[in-house]
Amino acid sequence: MIRHLLVMSALLIIGGLTLTAFGQQGGQDPATLIAAQREAMARLSIMDGVWRGPAWTILPSGEKHTVTQTERIGPFLDGSVKVIEGRGYDPDGKVTFNAFGTISYNPATRVYTFHAYAQGNVGDFVLTPTADGYVWEIPAGSMTIRYTAVIKDGALREVGDRIMPGKEPVRFFEMNLKRVGDTNWPAAGAVSPK
């Protein structure tokens with residue numbers, strides 16, 4: 001019983017600290033913060049939908065690996081967060097690549113963050129919207145991995161380049177997807193209160 005009370009006290013203290021930490025966004029009320037996030041995320045609404053097309057990547061062995069890439073992308077939390085799932089299929093239909101991510105916007109810092117999970121790795125990366133897509137980068141020591149996407153006329157083209165100081169970028173990834181439809185993912189299918 002005492003152990004249970006100690007655990008409950010610790011949880012209440014941690015919970016209070018967590019609420020305080022989240023609540024210190026300039027003292028703004030949640031509706032104002034969500035509205036700012038939703039407004040910022042509207043710039044990326046062109047990403048929403050179901051996408052499919054060819055993609056290739058250069059493996060560490062130097063071999064070029066080709067897949068059919070699919071992406072499903074949709075808004076969540078009243079449009080304040082973007083949710084993305086990518087799957088790469090071999091010609092036999094086997095999933096050989098699967099990734100999941102979220103894009104969010106912090107009104108206090110005015111920074112978009114891409115939180116990504118892929119191939120056993122996880123990371124947070126700055127994402128910068130552009131006039132016709134976005135750019136995000138992975139710092140890797142003296143090298144930078146840069147992904148650049150252009151989205152227009154129902155097409156999403158994203159390329160990945162390794163960038164070393166003083167050298168030409170080396171392209172190691174490309175996908176050329178067509179928008180094949182709308183999606184109500186991930187918001188659809190919520191558990192009802194009854």
Side-chain angles (χ1 to χ4, degrees), residues 25 36-77 80-90 95-179 186:
Q25 287 246 353
Q37 291 167 337
R38 191 173 36 247
E39 182 180 332
M41 294 304 292
R43 293 184 65 186
L44 299 174
S45 64
I46 194 167
M47 297 172 67
D48 294 346
V50 177
W51 304 81
R52 181 185 304 120
W56 59 264
T57 190
I58 303 298
L59 301 175
S61 66
E63 175 190 357
K64 186 176 187 178
H65 181 71
T66 303
V67 296
T68 297
Q69 182 70 24
T70 64
E71 302 277 333
R72 60 180 173 165
I73 305 169
F76 200 54
L77 299 179
S80 63
V81 174
K82 183 92 41 218
V83 181
I84 304 165
E85 183 200 25
R87 291 180 187 227
Y89 295 90
D90 273 350
V95 176
T96 58
F97 176 79
N98 199 198
F100 177 80
T102 60
I103 300 172
S104 60
Y105 177 78
N106 184 334
T109 62
R110 298 183 178 169
V111 172
Y112 292 84
T113 300
F114 180 37
H115 185 75
Y117 301 86
Q119 300 177 314
N121 297 297
V122 62
D124 288 313
F125 311 102
V126 173
L127 182 136
T128 305
T130 62
D132 57 2
Y134 55 86
V135 174
W136 64 282
E137 296 182 338
I138 302 172
S142 62
M143 176 174 56
T144 299
I145 306 296
R146 178 179 298 145
Y147 292 92
T148 306
V150 173
I151 307 168
K152 64 181 180 181
D153 301 326
L156 188 162
R157 178 175 188 262
E158 185 171 335
V159 296
D161 296 306
R162 288 186 192 94
I163 300 170
M164 297 279 293
K167 296 185 179 180
E168 290 293 315
V170 175
R171 175 93 11 110
F172 69 91
F173 169 79
E174 181 175 335
M175 70 179 184
N176 291 285
L177 311 182
K178 294 288 183 193
R179 191 173 190 282

Pair Ile58-Arg171, side-chain contact (heavy atoms from CB on, under 4.5 Å): steps then yes or no: CA-CA 9 Å; Ile58 303 298; Arg171 175 93 11 110; over 6 Å; no

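- In this structure, Asp161 contributes its side chain and Ile145 its backbone to no donor-acceptor pair below 3.5 Å.
- Considering only heavy atoms from C-beta on, Leu77 stays 4.5 Å or farther from Gln37 through its side chain.
- For the pair Phe97 and Gln119, the tightest heavy-atom approach, listed with the atom from each and the gap, is CD1-NE2, 3.7 Å.
- Between Gln69 and Trp51, the closest side-chain pair of non-hydrogen atoms is not below 4.5 Å.
- In this structure the side chain of Tyr134 reaches within 4.5 angstrom of the side chain of Met47, judged on heavy atoms.
- Between the side chain of Asn106 and the backbone N or O of Ala108, at least one donor-acceptor pair lies under 3.5 Å.
- The CZ atom of Phe173 sits 12.0 Å away from the CZ atom of Arg162 when rounded to the nearest 0.5 Å.
- Checking Ile84, Val126, Asp124, Thr102 one by one against Phe114, the side chain to side chain contact (heavy atoms under 4.5 Å, CB included) holds for a single residue, Ile84.
- Of all heavy-atom pairs spanning Asp48 and Gly74, the tightest one is OD1-CA, 3.8 Å.
- Taking every heavy atom of both residues into account, His65 and Thr96 meet most closely at NE2-OG1, 3.7 Å.
- Paired with Trp136 under the rule side chain to side chain contact (heavy atoms under 4.5 Å, CB included), one option of Ile103, Thr113, Leu127 passes, and it is Leu127.
- For the pair Thr148/Arg157, no side-chain contact is recorded, criterion being any heavy-atom separation below 4.5 Å from C-beta on.
- Closest approach of Ser45 to Lys82, counting heavy atoms only: CA-NZ, 4.0 Å.
- With a 4.5 Å cut-off on side-chain heavy atoms, Thr70 and Glu85 do not count as touching.
- For the atom pair NZ (Lys167) and CE (Met143), the distance works out to 10.5 Å, reported to the nearest 0.5 Å.
- A donor-acceptor pair is defined here as one N or O able to donate and one able to accept, closer than 3.5 Å; no such pair exists between the side chain of Tyr105 and the backbone of Glu39.
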Test log, rule side-chain contact (heavy atoms from CB on, under 4.5 Å), inputs Val159 and Arg146: CA-CA 8 Å; Val159 296; Arg146 178 179 298 145; over 6 Å; no

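- Residues Leu156 and Glu71 fail the side-chain proximity criterion, which asks for heavy atoms closer than 4.5 Å.
- Counting heavy atoms of neighbouring residues, nucleotides and ligands inside a 6.0 Å radius, atom CZ of Arg179 exceeds 12 of them.
- At most 12 heavy atoms of other shown residues, nucleotides or ligands fall within 6.0 angstrom of atom OH in Tyr117.
- Pairing each heavy atom of Asn98 with each of Gly86, the nearest pair is ND2-O, 2.9 Å.
- The shortest heavy-atom contact between Leu177 and Pro54 is CD2-O, 4.4 Å.
- Tyr147 and Phe172 have perpendicular rings, their planes meeting at more than 60° on a 0 to 90° scale where under 30° would count as parallel.
- Using a 4.5 Å heavy-atom cutoff, the side chains of Arg87 and Val67 are not in contact.
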